[in-house]
Each structure stands twice: as structure tokens, then as C-alpha cells.
Protein chains: 2
Amino acid sequence: MPDVFIHNQRFYNPVDYVLQLIGGTWKVPVLWRLRKRSLRYTELEKDIPHISQKMLTKALKELEADGLVSKTTFAEVPPRVIYALTEKGVYLIPLVETIRNYGIELLKESGVDYDKLIREEQKTGK
Amino acid sequence: MPDVFIHNQRFYNPVDYVLQLIGGTWKVPVLWRLRKRSLRYTELEKDIPHISQKMLTKALKELEADGLVSKTTFAEVPPRVIYALTEKGVYLIPLVETIRNYGIELLKESGVDYDKLIREEQKTGK
DNA sequence: CAGTATCCAATATGATACTG
DNA sequence: CAGTATCATATTGGATACTG
């Protein structure tokens, strides 16, 4: 597995490269919420549990720099900013789903019924 | 996406959980080399470019604790230690391959022919 | 051979306060 | 509304030396 350099950054292998794009704690939660429709900054913030403004801003900046997410600013007062998946972002959603399904399977083998957690979450209103 | 707790550790979503198992810089290189056959500590160390003893030891410990890799020690002098994939480790290899294929595709779109890099590496002897 | 131990730098994340 | 700025802590990774 030879090293690869892109934009002066080194990757040890192709998996390493993908995990730079979608890895870390906060990028997947953002991508996952944008998969159905575009969202505003505040919508993402309200929708992603535990995320801080700092981490949301950082995740969005990196996703935009890597071409997975686009940002559209409307020059209104107060400003309106819309984040959406790019073609590259859309391309990566099936991979996220695949990893997610593995996770749900592994959780099941650890005795955690994730689908049930989801259903209970929806029953309690949020 | 509700939080999940396993062994007192919190995960924000199933992808987060999978990336705890195989994420980081060094776990995939280890898993990838064990996919064909078991290897000794020193074989892994020699085979994985840039890895330090500290990081190899840490990756192996975590992979073992998470049940992806098994460790067999032969009480000889000097000691012989064999690392192998468990059933759970084998189960995750196709996922690693899927992520890897996405990486190779994305690299191609960034103008990097990874398969060609592999071929050149083999021609030059290593 | 198969690791430990120690020191150090860089990065990730969180908490809080502030702003055009 | 959509962020920045600052401070603090925890984790990651590298370098080097040492050991049963």
C-alpha cells in the first residue's frame, strides 16, 4: 500500500483517504441530515444532538472544502445560509448507509436493538 | 439518532460505532494484512509502512479487546506471538473492501491512479 | 522477539462569551 | 441568523530508550 499525496496531504491507503472525508464525530451526522433535503445552519444545529457551534462550523467548512457540501448565502437581513449535498456528497451517501447497516448489525450482536431505539425516540415526540 | 451505550462508552450513531472499531490510522492496515493469513508481531511491523511500535501495540490491543483479532502466544524462547482475524474480524473485511473501493474511485477522480501505484511498487521489488 | 516506558507536539472536542 | 474567538482538556501520534 503506497502513500498517496493530495493537496500536500499524505494518505497511507484509500481507506485512510475516505475516512479523512467522512470520518470524525460530526461529518456523518451532517451528511446524514442533508441526504433528504438542504438545511440551514440553525436547523442542523438543532437537529444534531450534542454538537457545538464550533464543531458544526468546522465540519461544514471541511465538508465544503472537500466538495461534499455546498453553501449558498442569501444576502438578506438576517442572512439565510443553505447547506446542501453536492454530487460528490450524494455519491458518498450509499457508503455511509453501508457502514451504518454494519453498525446496526454489530449493535444487534451486542444486544442493542437500534431500530427499536429509533421507534421509541419517535414515540416520545422527538 | 439516539445515543447508544456499550461498555460505558457512548456512540452518537451506528456509523460512529463502526468507526470506533476500524477507524483511526492503524487498525485498517493491520486488519488488511491479516485478511489472508495470520502474522507475527514483527511481520506486521515490517509490513506496515510508517507504523511505530507504540501504535502497532495499541492497535492490536484495541482490536483484540473489541474481538476483531485474536492473539496466540507460544511459550518458546524467544516467544512467538501470532495474530489472526476472529470471526467478527472476518465479517468486517468486506466493509473495509467497500470503503477501500470508494477510496480508489475518489482518488481516480482526483487524478490519482492507485492501482498503477500498486503495480509500480511491486515492480521496484517492494 | 515482542513488547514497555517516557516525553513531547499536534489535533479533536467542549464550554463559554461575543458579533455583523 | 450564522457564525468567531478564547480557554481548557483529552486523545492521537511520533521519537527514543529500555526489557523479559
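Numbered from 1 within each chain, the chains take letters A, B, ... in sequence-line order.
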When you measure from every atom of DNA chain D, which of [range] have a heavy atom less than 4.0 Å away?
| range | answer |
| --- | --- |
| residues 11-28 of chain A | Y12(A) |
| residues 48-64 of chain A | Q53(A), K54(A), T57(A), K61(A) |
| residues 33-42 of chain B | none |

For DNA chain C, the dot-bracket notation using Watson-Crick and G-U wobble pairs below 3.5 Å, [ ] for pseudoknot-type crossings and | for other-strand pairs, is ||||||||||||||||||||
Rounded interatomic separation in angstrom, taking [atom1] from [X] and [atom2] from [N]:
| X | N | atom1 | atom2 | answer |
| --- | --- | --- | --- | --- |
| K46(A) | dG3(D) | NZ | P | 15 Å |
| E76(A) | dC1(D) | CD | P | 13 Å |
| D47(B) | dA2(C) | CG | C1' | 17 Å |

I need the minimum non-hydrogen distance between [X] and [Y], along with the two atoms involved.
| X | Y | answer |
| --- | --- | --- |
| R40(A) | E43(A) | N-OE1, 2.7 Å |
| P2(B) | I118(A) | CD-CD1, 3.6 Å |
| Q53(B) | Y41(B) | O-OH, 3.5 Å |
| L21(B) | L68(B) | O-CD2, 4.1 Å |

With side-chain hydrogen bond (donor to acceptor under 3.5 Å, both in side chains) as the criterion, how do T72(B) and Y83(B) come out once you've worked through the C-alpha distance, each side chain's angles and the decisive distance to 0.1 Å?
CA-CA 7 Å; T72(B) 309; Y83(B) 290 96; over 6 Å; no
Would you find a donor on one side and an acceptor on the other, under 3.5 Å apart, between the side chain of [X] and the backbone of [Y]?
| X | Y | answer |
| --- | --- | --- |
| E120(B) | L117(B) | no |
| R33(B) | D47(B) | yes |
| T86(A) | G67(A) | yes |
| Q122(A) | R119(A) | no |
| D16(A) | Y12(A) | yes |

- Item | Position toward the 5' end of DNA chain C (nearest nucleotide), K71(B) or P78(A) |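 Counting from the 5' end, the first nearest nucleotide belongs to K71(B).
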Throw together a table of side-chain donor-acceptor distances under 3.5 angstrom for residues 87-105 of chain A, partners on residues two or more places apart or in other chains.
unit_1  : atom_1 : unit_2 : atom_2 : d
K88(A)  : NZ     : D66(A) : O      : 3.1
T98(A)  : OG1    : P94(A) : O      : 2.9
N101(A) : ND2    : E97(A) : O      : 3.2

For residues 22-32 of chain A, which side-chain N or O atoms pair as donor and acceptor with protein atoms under 3.5 Å away, sequence neighbours left out?
unit_1 : atom_1 : unit_2 : atom_2 : d
K27(A) : NZ     : Q20(A) : O      : 3.0
K27(A) : NZ     : E62(A) : OE1    : 3.0

Practice problem: Determine the contact category for Y83(B): base if any of its heavy atoms lies under 4.0 Å from a base atom, sugar-phosphate if only primed atoms, P, OP1 or OP2 are that close, otherwise nothing. | Solution: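 Touches sugar-phosphate only.
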Notebook entry, point to check: Which value, rounded to the nearest 0.5 Å, describes the distance between L85(B) atom CG and S38(B) atom OG?
Noted result: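 Result: 7.5 Å between the selected atoms.
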